[in-house]
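Heavy-atom basis, side chains included; hydrogens, waters and symmetry copies ignored.
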Amino acid sequence: MTELVIRALTESDAHLFDTLPDPLGVGRALARATHRPDWKRVALRDGKAVARAAWWGGPDDESPVNVNWFDVAEGEEEAGAELLRTSPFQVEYELILPAGWRDDPAARAAGEARIRAATAAGMKVLVERYQYRWTPECGLPERPGRLEFRPEPDDAVVLDILRRVHSVTLDAHALRAIAEGGLDRAAQEELDFFHWCPSPREWWRLAHTPEGELVGIQVPAHNPSGPCVGFIGVVPEQRGNGYAYDLLVECTNFLAEQGAEFIAGATDQGNFPMAANFAKAGHPVVQERIHFLPAS
């Protein structure tokens, strides 16, 4: 077999990235995302692309947040693994898949080929997630009216609430952060994400009962690709009252009032309560995603 050549792309040969088929529709899914040419890499055999990957980050990021577009030609899984293995960007891989992909033979074959290549590169699955997309056609869920929402300008207060929320959590990314650095690390990672989003700080809201008891926090946001449910969190002592739904509904209505034409959201597939809240609030599942940790 001809020797494999792996290299980054430049503006002049960026077209090579588009020579592979896109069986999972990742290009459509990432239509609003911007991938820098120098964060794209291809594996070439006889000058033909047999694997490709694109790393993504915010417009001001000096290094990518993740790799979210990765394809391999048929029979070239090892080339794809080598492409990931030798990349200077060892970050999380977010495999984007159609909703219900395991029930579609073509999507399942394509998805499993990418899973095998990522695994061969030393990556490990962290979690599978549902990706949601609310649009006005879904209808606005009615606010339950049980809670009062107030801004909180003090990051120290927000950080303490995030620690409390994550002290009992089902979120795989938060659990990993806790395992590696404790509750402080998990809370700080959330706060850093809120600040990384280009949406106004003033949008963040704490939720209270009419009697003034803290319930939790909800963060309507814009990430670089558009409006999203940035965070929904209920403190442990308020669990069991269905308040996460109230927070999600408030977040949805708030972003709609800002003129959002769509609202993205996500939750771990194993987080059954939150998945049920998204369904109840009229947020349909549009994709599934598998998150892989980089090789250690």
Side-chain angles (χ1 to χ4, degrees), residues 126-132 134 138 140-195 197 203-221 228-256 263-285 288-289 291:
L126 173 65
V127 68
E128 298 192 33
R129 288 169 64 81
Y130 292 122
Q131 190 77 13
Y132 301 88
W134 178 93
C138 299
L140 267 176
E142 183 178 353
R143 287 177 165 108
R146 297 191 296 169
L147 301 175
E148 298 173 358
F149 295 89
R150 309 169 192 163
E152 174 49 66
D154 189 343
D155 274 9
V157 173
V158 173
L159 195 63
D160 181 62
I161 293 169
L162 292 171
R163 288 191 197 95
R164 293 164 63 184
V165 168
H166 281 326
S167 67
V168 182
T169 183
L170 296 174
D171 184 86
H173 284 88
L175 289 170
R176 176 172 176 251
I178 292 167
E180 294 180 349
L183 284 172
D184 285 348
R185 176 164 173 175
Q188 190 63 55
E189 285 186 1
E190 297 290 2
L191 187 64
D192 290 345
F193 168 71
F194 300 166
H195 281 297
C197 291
W203 284 9
W204 311 0
R205 292 289 187 273
L206 303 189
H208 296 82
T209 66
E211 295 74 32
E213 295 178 355
L214 176 71
V215 167
I217 179 173
Q218 61 93 9
V219 179
C228 65
V229 178
F231 189 78
I232 301 292
V234 177
V235 294
E237 62 269 25
Q238 296 288 358
R239 305 278 172 91
N241 296 309
Y243 285 139
Y245 175 76
D246 299 47
L247 271 60
L248 177 60
V249 169
E250 180 64 25
C251 189
T252 304
N253 276 271
F254 180 89
L255 287 169
I263 301 170
T267 196
D268 292 2
Q269 292 188 13
N271 190 341
F272 302 114
M274 199 63 219
N277 287 324
F278 272 108
K280 182 180 177 182
H283 290 240
V285 175
E288 297 180 40
R289 299 191 178 188
H291 292 248

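- Every residue two or more places apart in sequence or in another chain that forms a salt bridge (charged side-chain N to carboxylate O under 4.0 Å, His left out) with Glu189 is listed here: Arg185.
- Atom CZ in Phe193 sits 11.5 Å away from atom NE2 in His173 (nearest 0.5 Å).
- Under the 3.5 Å distance criterion, the side-chain polar atoms of Asn271 are left unmatched by any main-chain donor or acceptor of Thr267.
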Inset, instruction - Quick one: do Leu126 and Arg176 satisfy side chain to side chain contact (heavy atoms under 4.5 Å, CB included)? Show the steps, please. - result: CA-CA 9 Å; Leu126 173 65; Arg176 176 172 176 251; 4.2 Å; yes
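- Listed by chain and number, the residues in a side-chain hydrogen bond (donor to acceptor under 3.5 Å, both in side chains) with Asp184 are Arg163 (sequence neighbours excluded).
- In this structure, CH2 on Trp203 lies 9.5 Å from SG on Cys251, to the nearest 0.5 angstrom.
- Between Ala221 and Cys197 the shortest heavy-atom distance is CB-SG, 4.2 Å.
- With contacts defined as side-chain heavy-atom distances shorter than 4.5 Å, the pair Phe231/Val165 qualifies.
- Between Pro151 and Trp204, the closest side-chain pair of non-hydrogen atoms is not below 4.5 Å.
- Panel note: side chain Glu211, backbone Glu213; no donor-acceptor pair is recorded below 3.5 Å.
- Rounded to the nearest 0.5 Å, atoms CD1 (Ile217) and CG (Leu162) are 5.0 Å apart.
- To the nearest 0.5 Å, atom CG of residue Asp171 and atom CD1 of residue Ile232 are 12.5 Å apart.
- Among residues two or more places apart in sequence or in another chain, the ring pair (Phe, Tyr, Trp, His ring centres under 6.0 Å) test is passed with Tyr243 by none.
- For the pair Thr169 (side chain) and His166 (backbone), a donor-acceptor distance under 3.5 Å is absent.
- For Asp160 (side chain) and Ala156 (main-chain N/O), no donor-acceptor pair under 3.5 Å exists by modelled atom type.
- Applying the side-chain hydrogen bond (donor to acceptor under 3.5 Å, both in side chains) criterion to Arg205, with sequence neighbours excluded, gives no partner residue.
- Between Thr252 and the choices Gln218, Arg143, His283, the side chain to side chain donor-acceptor pair (under 3.5 Å) rule is met once, by His283.
- Atom CZ of Phe149 and atom CG of Asn253 lie 10.0 Å apart (nearest 0.5 Å).
- Counting heavy atoms from C-beta on, the side chains of Val229 and Pro220 never come closer than 4.5 Å.
- Side-chain N or O atoms of Asp268 include one that pairs as donor or acceptor with a backbone N or O of Ala172 at under 3.5 Å.
- Here the closest heavy-atom approach between residue Pro144 and residue Val249 is recorded as CD-CG1, 4.0 Å.
- Leu247 and Gly233 get closest at one heavy-atom pair: CD2-O, 3.5 Å.
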Inset, instruction - With side chain to side chain contact (heavy atoms under 4.5 Å, CB included) as the test, would you mind laying out the steps for Arg164 and Leu214 before giving the verdict? - result: CA-CA 11 Å; Arg164 293 164 63 184; Leu214 176 71; 3.5 Å; yes
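- Gly282 and Cys138 make their closest contact through O-CB, 3.4 Å (heavy atoms, listed as atom of the first residue, atom of the second, distance).
- Surrounding CD of Glu142 are at most 12 heavy atoms belonging to other residues, nucleotides or ligands under 6.0 Å away.
- For Asp192, the side-chain hydrogen bond (donor to acceptor under 3.5 Å, both in side chains) partners two or more places apart in sequence, or in a different chain, are Gln188.
- Taking all atoms of both residues into account, the shortest heavy-atom contact from Ala256 to Leu140 is CB-CD2, 3.8 Å.
- Between Val168 and Arg239 the shortest side-chain heavy-atom distance falls below 4.5 Å.
- Checked for salt-bridge contact, Glu148 and Arg150 meet the test: a charged N lies under 4.0 Å from a carboxylate O.
- The line from CG of Asp246 to CG of Asn241 is 9.5 Å long, rounded to the nearest 0.5 Å.
- Considering only residues two or more places apart in sequence or on other chains, Tyr130 meets the ring pair (Phe, Tyr, Trp, His ring centres under 6.0 Å) condition with none of them.
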Inset, instruction - Go through Glu288 and Arg129 one step at a time and tell me if the salt bridge (Lys or Arg N to Asp or Glu O under 4.0 Å) criterion holds. - result: CA-CA 6 Å; Glu288 297 180 40; Arg129 288 169 64 81; over 6 Å; no
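- In this structure, Pro141 and Leu248 have side chains that are not in contact, with every pair of non-hydrogen atoms separated by 4.5 Å or more.
- A donor-acceptor contact under 3.5 angstrom links the side chains of His195 and Asp155, judged on distance only.
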